[in-house]
Amino acid sequence: MNSLSIKPSRGFITLFYKEVLRFWKVAAQTVAAPVLTALLYLLIFSHVLASHVEVHGVPYTSFLVPGLVMMSVLQNAFANTSSSLIQSKVTGNLVFVLLPPISHSEFFSAYVLASVARGLLVGGGVLVVTTWFGGLSYAAPLWILVFAMMGGAVMGTLGLIAGIWAEKYDQLAAFQNFLILPLTFLSGVFYSIASLPPFWQHVSRWNPVFYMIDGFRYGFFGVSDISPWMSFLVGLGCLLILSSITLSALKRGYKLRA
Amino acid sequence: MTTAIRIEQVYKRFGSVHALNGVDLAIQPGEFFGLLGPNGAGKTTLISALAGLSRPDSGRLMIMGFDVEADYREARRQLGVVPQELVFDPFFSVRETLEIQAGYYGIDPSRQRRAWIDEILENLDLTSKADANMRTLSGGMKRRVLVAQALVHRPPVIVLDEPTAGVDVELRQTLWQFVRRLNEDGHTIVLTTHYLEEAESLCGRIAMLKAGQVVALDTTRNLLSRFSSHTLRLRTASDKPAQLGMTQERITQENATQECTSGWWTCAFAHFDEIEPMLARIRNAGCMIDELEIGKPDLEDVFVRVMQEQSHEQVRAA
Ligand SMILES: Nc1ncnc2c1ncn2[C@@H]1O[C@H](COP(=O)(O)OP(=O)(O)OP(=O)(O)O)[C@@H](O)[C@H]1O
Ligand SMILES: [Mg+2]
């Protein structure tokens, strides 16, 4: 009776495709708008500060660009998983994903990879529109890619946790405002932590996002506050911890299959 | 043969509410099974547990022999669920919705997949809406898409949770025709509905659920004959029927407006061959019949009786 050909990996591929399609269909909001935001930051901060500051021997505007690119990657990766999940929960259409034979690890990887895709797309967009500000070099392109993907994955995973946990939009907003925003803003997007007083330097070293932005910036300039290997290990450690929390929550059906 | 659905001692509590309180059920392949019960009886909770959408506190559920937890991949492949809530993904068109759903079940894009989706669309009268965005569909149309989504992977077991709520007469007919055909093709169908005539005409077997417990389980025919019967109703001015064992209906507003000298009398009987002797006795008693009706047993009587009996038992138990 069943002439339909079945391939288990198709479920994962479809979920990934659907998650990409979901943001792509409203790309003006999900891709173009964040690129514009980053551009505005760059215009304002570089005009106000460019003449005054040089960081690591790099003009401030050039220093700022990678920070903004990475911030866009991180914020959009988080936004993608968290908003997709909360929307599906609130509207109830999450059942369409919960009914089929999709395992918790497939569910996890499809959502996170789609959020990395959106992060890279927005980050790439920011990079493209800011190139004419000039002064950017590409000292270690592989590190650029590694940190962008890892940062996207960490934030995508965090977005998944937020989306699983939150039952209403305002809970998600709280997560975003009280955790994600401080973590990204206090991570050296706009400055080098070397310019901070010792106490805040110390605090920053507890912020995993700092390592990801620092490592990402190393990819461009070949200089950073911390060794890129160290940053890589911190990022990887975060990813592993967050992933295992998420996977075990998904496996137990926490909130989603209550 | 493997049991299509096996439910063993399933319990589920929400706070102090015992949504499922020790449910046992076995449904055989090819059955058309009705799951009935008042609001809040636990029907949807049971279906959710079956579909893996919620975890029971204890008990075991199996679909075509596959445990819904241990063998969830196989179990879910065997099952198609039409949810009670009218849910949809506003980002996609009808066809996209179905293509994506098929993909979730691991079905590769192919000519066969497309043909099957076309067939479902055709059968549910959705072909003209295939490229419409889900947001633009009317409620009844969205309901049809939900039915279509449950069928994309050709599941042997199909569960429909109130599929006809808010659906017009025409779709109701087409939907039942379609579901009947699926059943004839060998699919096991489980249906919940509050339209008892629908359940009566479609379901071979029925379980009635109340407060999380199965309170009646039998073939539709047995339920009808056990709890309900044919009735003979007649209107006459005479009071002779009383001596023949008929009961006089209480005078209601409606029959009070009729000539007060005549009243309605009823008696129940199990077989049609009891009617003639009864009518003969009435005639022999010299009583003139003004009007006469024969009432068929219906599921609504059964339902009301079962639910009342349960309440009495609960009062006694308390
Ligand atoms: N997520 C939940 N949280 C708390 N209580 C719940 C939840 N889901 C169901 N219930 C409760 O469990 C009981 C059974 O609900 P269920 O939805 O299974 O009923 P039903 O038989 O499907 O009713 P209906 O005919 O109205 O659809 C109800 O008392 C309901 O309030
Ligand atoms: Mg229900």
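Owing to the predicted nature of the structure, the values given are computational and were not obtained by experimental measurement. In the text below, chain A, chain B and the rest are named by the order of the sequence lines, each starting its count at 1.
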What are the residues of residues 99-106 of chain B, in order of number, with any heavy atom under 4.5 angstrom from a heavy atom of chain A? B:Ile100, B:Gln101, B:Gly103, B:Tyr104, B:Tyr105, B:Gly106

Exceeds 12 heavy-atom contacts within 6.0 angstrom, atom NZ of A:Lys255: yes

Has A:Tyr17 got more than 12 heavy atoms of other residues, nucleotides or ligands less than 6.0 Å from its OH? no

Counting heavy atoms not belonging to B:Lys129, are there more than 12 under 6.0 Å from its NZ? no

Less than 4.5 Å to any heavy atom of chain B: does that hold for the side chain of A:Ser88, its backbone, both, or neither? neither

Validation row: A:Ser5, B:Arg113 side chains within 4.5 angstrom (heavy atoms): no

For A:Lys168, look at atom NZ and say whether over 12 heavy atoms of other residues, nucleotides or ligands are found less than 6.0 Å away. no

Among residues 143-151 of chain B, residues within the sub-4.5 Å heavy-atom range of chain A, in order of number, are B:Leu146, B:Gln149

Contact origin within A:Lys18 toward chain B - heavy atom pairs under 4.5 Å: both

When only heavy atoms count and the cut-off is under 4.5 Å, which of residues 37-60 of chain B reach chain A? B:Ala51, B:Gly52, B:Leu53, B:Ser54, B:Arg55

Chain A contact residues among residues 65-96 of chain B, heavy-atom distance under 4.5 Å: B:Tyr72, B:Arg73, B:Arg76, B:Arg77, B:Val81, B:Pro83, B:Val87, B:Phe88, B:Asp89, B:Pro90, B:Phe91, B:Phe92, B:Glu96

Using a cut-off of under 4.5 Å on heavy-atom pairs, state which of A:Leu256, A:Leu21, A:Ile13 scores highest against chain B. A:Leu21

Around A:Trp24, counting heavy atoms of other residues, nucleotides and ligands shown, do more than 12 lie under 6.0 Å from its CH2? no

